[in-house]
Amino acid sequence: MRRIIFNQKGGVGKSSITVNLAAISAAKGYKTLVIDLDVQGNSSAYLGVDINHPNDKTIAELLNQTASWFAMSTPARDYPQATAYENLFIIPSSPKLDKLEVELERRYKIYKLREVLDALADDFDRIYIDTPPNLNFYTKSGLIAANKLLIPFDCDNFSQQALIKVMDNLAELRDDHNRDLVLEGIIVNMFNAQAKFPRQIIEEIKMLGFPILEPYLPQSIKMKESHYQQCPMLHFDPKHKLTQQFIALYDGLEATVALENK
Ligand SMILES: Nc1ncnc2c1ncn2[C@@H]1O[C@H](COP(=O)(O)OP(=O)(O)OP(=O)(O)O)[C@@H](O)[C@H]1O
Ligand SMILES: [Mg+2]
């Protein structure tokens, strides 16, 4: 199962949600891989990768592999790097992604990630894909390679407008390239239960027909601390409300997957 986390709006929690759901997945015993498609490298850094000194096993090298009649290229299964957490692996981002984008596009590499993930299908139970805050080549590659889509939503007015735009763009991409892509739902993040406005905004997007997942993820400074410590919430503060909500959200998603596979 390949789950992509995307919203064109920046700062809504894509990287935080990717890493925290992946960490829970790994702790539940699933061999889990995080793919970081964002040149900012936030999910890589969150999982302890030194993104300013990348090795040669990043997503940039993997996507940029050139075919040769004579030499074997490095197999995809050599790329996932272990993290400090059991069962949790990452193919990190690289500063090279920016420069490489035009080149990969020119070489029609938009399906390369899907091929790579097909090659890794037997090695990982769950794959989580983090994306940049725009619908660029890497995001499109991820959306073509994934089969489940989660959209984080941070309860503000701009977010609401962004959501409508995202859904239009995704509908077209799904239709053209990947009919298997299923929208699992919208994750409400940085929810403030005390304020009236977030509830109002959520009601409005429900009325528009968007599938809103529960529970909502509360706003907490612990998230920033957990980034700073490069330690996912499950390990940083297992009893915290935010962690518990992450687990409940994860369990809900997996329960649906289990039903589908029956
Ligand atoms: N539930 C939360 N409570 C408090 N802070 C949060 C929460 N979720 C995310 N944040 C903080 O908000 C900021 C943006 O989060 P994150 O980097 O996960 O978003 P993003 O969508 O991946 O951003 P970008 O679009 O830049 O990739 C970070 O500083 C993160 O620590
Ligand atoms: Mg991010």
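When a ligand or atom number is given, it counts from 1 through the structure's own listing order.
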* Distance-only side-chain donor-acceptor flag, Y111 / S141, under 3.5 Å ->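 Judged by distance alone, the side chains do not pair up.
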* Any side-chain donor paired with an acceptor under 3.5 Å for T58 and E61? ->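 Side chains of T58 and E61: pair found under 3.5 Å.
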Identity and distance of the protein heavy atom lying nearest [atom]:
| atom | value |
| --- | --- |
| atom 26 (O) of ligand 1 | Q40 NE2, 3.1 Å |
| atom 19 (O) of ligand 1 | G13 N, 3.0 Å |
| atom 3 (N) of ligand 1 | S220 N, 2.9 Å |
| atom 20 (P) of ligand 1 | K14 N, 3.4 Å |
| atom 2 (C) of ligand 1 | M190 CG, 3.7 Å |
| atom 23 (O) of ligand 1 | G11 N, 3.0 Å |

Search all heavy atoms of [X] against all heavy atoms of [Y] and return the closest pair with its distance.
| X | Y | value |
| --- | --- | --- |
| C155 | F191 | SG-CD1, 4.1 Å |
| M233 | K222 | SD-O, 3.6 Å |
| S44 | I51 | CB-CG2, 3.5 Å |

* To do: With sequence neighbours left out, write down each residue that passes side chain to side chain contact (heavy atoms under 4.5 Å, CB included) with N189, or none if nothing qualifies.
  =>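 Per chain and number, N189 pairs via side chain to side chain contact (heavy atoms under 4.5 Å, CB included) with I17, L217.
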* Asked: Got a donor-acceptor contact below 3.5 angstrom from the D38 side chain to the P133 backbone?
  ->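 Such a contact is absent between D38 side chain and P133 backbone.
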* Between K14 and D130, is there a side-chain N and carboxylate O pair less than 4.0 Å apart? ->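 Salt bridge between K14 and D130, a charged N being under 4.0 Å from a carboxylate O: no.
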* Are R114 and D118 close enough for a salt bridge, meaning some N to O gap below 4.0 Å? ->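 No.
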Any idea which atoms of ligand 1 are less than 4.0 Å away from a heavy-atom of [X]?
| X | result |
| --- | --- |
| V12 | 19 (O), 20 (P), 21 (O) |
| P133 | 25 (O) |
| D38 | 27 (O) |
| G10 | 25 (O) |
| S15 | 18 (O), 20 (P), 22 (O) |

Which option, [options], owns the non-hydrogen atom nearest [atom]?
| atom | options | value |
| --- | --- | --- |
| atom 6 (C) of ligand 1 | K224, E225, M223 | M223 |
| atom 18 (O) of ligand 1 | S43, P152, P132, S16 | S16 |
| atom 1 (N) of ligand 1 | I221, V19, N189 | N189 |

* **Distance criterion under 2.8 Å: protein N/O/S atoms around the Mg ion (ligand 2)** =>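 Excluding waters, the total comes to 1.
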* Can you tell me how far the NE2 atom of H235 sits from the OG atom of S226, to the nearest 0.5 Å? ->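 One finds 10.0 Å between NE2 of H235 and OG of S226.
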* Does K28 make a cation-pi contact with Y250, if we ask for NZ or CZ under 6.0 Å from the ring centre and within 45° of the axis? ->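 No, K28 does not lie over the aromatic ring of Y250.
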* To do: Please verify whether a non-hydrogen atom of P218 lies at under 4.0 Å from ligand 1.
  =>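 Yes; P218 lies near enough to ligand 1 that a heavy-atom distance drops under 4.0 Å.
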* To do: Sequence neighbours left out, what pairs pass salt bridge (Lys or Arg N to Asp or Glu O under 4.0 Å) with at least one residue falling in residues 197-206?
  =>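 Every salt bridge (Lys or Arg N to Asp or Glu O under 4.0 Å) pair that includes a residue of residues 197-206, provided the two are not neighbours, is E203-K206.
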* Under the salt bridge (charged side-chain N to carboxylate O under 4.0 Å, His left out) rule, collect the residues that match up with D156, sequence neighbours excluded. =>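 With sequence neighbours excluded, D156 shows a salt bridge (charged side-chain N to carboxylate O under 4.0 Å, His left out) to K9, given in chain and number order.
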